[in-house]
Amino acid sequence: MAFKASVLAAALGAVLASGSAFAADPPSTYTIKAQAEVLKADPFQDRQDFDFAARGFLGTRADPLIKSASGQTVWDLSAFDFLKGDAPPTVNPSLWRQAELLARNGLFKVTDRVYQVRGFDLANITFVKGDTGWIVIDALTATETARAAYDLVTQKLGQRPIVAIIFTHGHSDHFGGARGLVSQADVDSGKVKVIAPKGFLESAVSENVIAGTAMARRATYQFGVYLPKSPTGQVNSGIGPALAVGTQSLIPPTVDIDHTGQEMIIDGMRFVFQVTPGTEAPAEMNIDMPDLHVLDMAENANATMHNVLTPRGALVRDARVWAEYLTQSIRLYGATSDVMITSHAWPRFGKAALNDFLAKHRDAYEYLHDQTVRLMNEGLTGDAIAARLKLPPVLEREWYDHGYYGNMSFNSRAVYQRYMGWYDANPVHLNAMAPADAGRRYVEAMGGAGRVLAMAQTAFQGGDYPWAAELLNRVVFADPANTDAKTLLARAYDQLGYQSEDSLWRNIYLTGAKELRDGVQATGAGLGAGAIDLIKNMPTPLLLDLMAVRLNADKAGKGQVKLELIFPERHEQAYVTVQNGVLIHEAIPAPGPVDATLTLNRTSFLLTAFQGAPLAGAIKSGAAKVEGDPAALTRLVSWLDAPKGDFPIVTP
């Protein structure tokens, strides 16, 4: 999620500025019937989660609006106030229940010395009371929401300094608010420790950089950025209410946790760490507070099945490894922990509830992995497995194994992809046609757009929304100007969204419907000011990788460039060449003649390479020195494409 928050901030700004109306279909009789079936099937009489979520409530902010320094609303605590009473027919009752639980906001006392502010962002922020100050676990997405949480803690519990921040992992909803809590000067002086799993910084700044623009665009679908918060729009994000859109920051860690069992005394409090690389994040850790009998499972255990592969895109996670680390957690901490907290959702109280949860949550990931592989080895493809695989009833009945964020269908295809890749071994898929071309041919083969529309209308009227959507998608990709097809496809997506238990699927369906009706919302999103901390801490090789994937080989043509880059403040140098439409970089001095040697600070280089700022001023002031052709870098930059952050998804 490295660049996600800053890009989504630009997207949300565009949405707020547009003021576009949101039109959606009412629920059909088939959708109403489907919601009634959910009410019959699921154990809604089980109220344990409501007890856990309400326990220890100390109050919330009087003013529901959390604003930035410029006055923009970053978070509205009242935005989900509509989540009261019974679920309307436009929302799956199971998802409504989850949304209602996660919308509860304020300060909660978990146990002696441990407090959480929940509902101020997608994630939780935890405050552990040390002898002299607060140890904070995870720092939310935005400096504004993190500061508001700290202010609430101060208001209710008294003024105390923050003496340490612990990042459980490198996703932006857990570190982005750090500068709203502490200053860099206090960190640099040693007054505040910043603790994270080894590999955190690389994970935080690299996971989404290479494909960051595409991931951010897809994230606007996943999180429903363009949707109003309402019973016909966004109701939840599965693991939290929504993603806060404010000022994102990053403070690099000063202490690495590199092995399970590593122990630290922080302000009189004892913390023992379990490192869990390759689970929910490339670098992640759980935290035991043995003297308090409190276990923090970070984002490795949730009130929902998580994503093994996120819809926005990422490297596929390993469900088998995830399950193994949960087993290790049970063995290490199950016998000594009385309370479990997590980075999302509410705590669990009591050894029995805690251990039952961890075991059955673990079993869900293990079942997902093992049964997907078993069916894969029987010859089933990813799509075939997804259509068939379900958890056994003993696991499926547990609310926390439901698919509010990730689900068995999506995750089983991810497990298949991890082992087998995208290709399903059917030769017809070796050289697949482009979607628009395939759409034209399918529509022609089925008798033309009018006939396909009639077939889709029949499916729609019969409540067969997946088939209606499949047919209509072909027509839209064959002819994106076909308004009737786009309108009916949007209506089908409305019903699929209403029926979905998965909050992300709901957001994706409803966002697709909105864009079919209104078109793509232009965002102008790029690497905004909120990404400055991330860019500053990005390793130079990764920055040059980013330039390499932006090189337009057609623009470069037969052009060649050889550059030597020297960044004195970082004691770094790089040899960069472009030829054959490929950018290659090595962390070495130039081995031979170059077009130019540039000696400058990396910030000036970034402004030129990624923002197009001229170097002339820096050269004139002496901040940059060029030996050789001063136009060499300019020539290279002219071959780079600025990524398009608002490309179409539901149309060609």
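Worth knowing before you read on, the calculation uses all heavy atoms, side chains too, and leaves out hydrogens, waters and symmetry mates. Residues: numbered from 1 along the sequence shown.
Take Tyr498 and apply the ring pair (Phe, Tyr, Trp, His ring centres under 6.0 Å) test, not counting sequence neighbours, and it matches no residue. The side chain to side chain contact (heavy atoms under 4.5 Å, CB included) check on Asp356 picks up Lys360, Glu398, Tyr400, with sequence neighbours excluded. Residues passing the side chain to side chain donor-acceptor pair (under 3.5 Å) test with Asp46, sequence neighbours excluded: none. A search for side chain to side chain contact (heavy atoms under 4.5 Å, CB included) contacts involving Gln417 returns Leu309, Val316, not counting sequence neighbours.
Here the closest heavy-atom approach between residue Asn507 and residue Asn236 is recorded as ND2-O, 3.5 Å.
Between Lys644 and Asp646 there is a salt bridge, with a side-chain nitrogen of the basic residue lying less than 4.0 Å from a carboxylate oxygen of the acidic one.
For the pair Arg118 and Trp346, the cation-pi test (distance below 6.0 Å, angle within 45°) is failed.
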Show me the donor-acceptor pairs, under 3.5 Å and distance only, between side chains in residues 297-304 and residues at least two apart or in other chains.
unit_1, atom_1, unit_2, atom_2, d
Glu299, OE1, His169, NE2, 3.1
Glu299, OE1, His174, NE2, 2.8
Glu299, OE1, His344, NE2, 3.0
Glu299, OE2, His306, NE2, 2.7
Glu299, OE2, His344, NE2, 3.4
Asn300, OD1, Thr279, OG1, 2.8
Asn300, ND2, Thr276, OG1, 3.0
Asn300, ND2, Asn286, OD1, 3.0
Asn302, ND2, Glu299, O, 3.0
Thr304, OG1, His402, O, 3.1
Thr304, OG1, Tyr404, N, 3.0
Thr304, OG1, Tyr405, N, 3.2

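Listed by first and then second residue, the ring-ring contact (aromatic ring centres under 6.0 Å, His included) pairs involving residues 368-396 are His369-Tyr419 (not counting sequence neighbours).
Tyr226 and Tyr221 have their aromatic ring centers separated by at least 6.0 angstrom.
Note that CD of Gln48 is 6.5 Å distant from CZ of Arg348, once rounded to the nearest 0.5 Å.
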Candidate pair Asp25 and Arg491, rule salt bridge (Lys or Arg N to Asp or Glu O under 4.0 Å), full reasoning: CA-CA 6 Å; Asp25 245 22; Arg491 295 178 63 199; 2.7 Å; yes
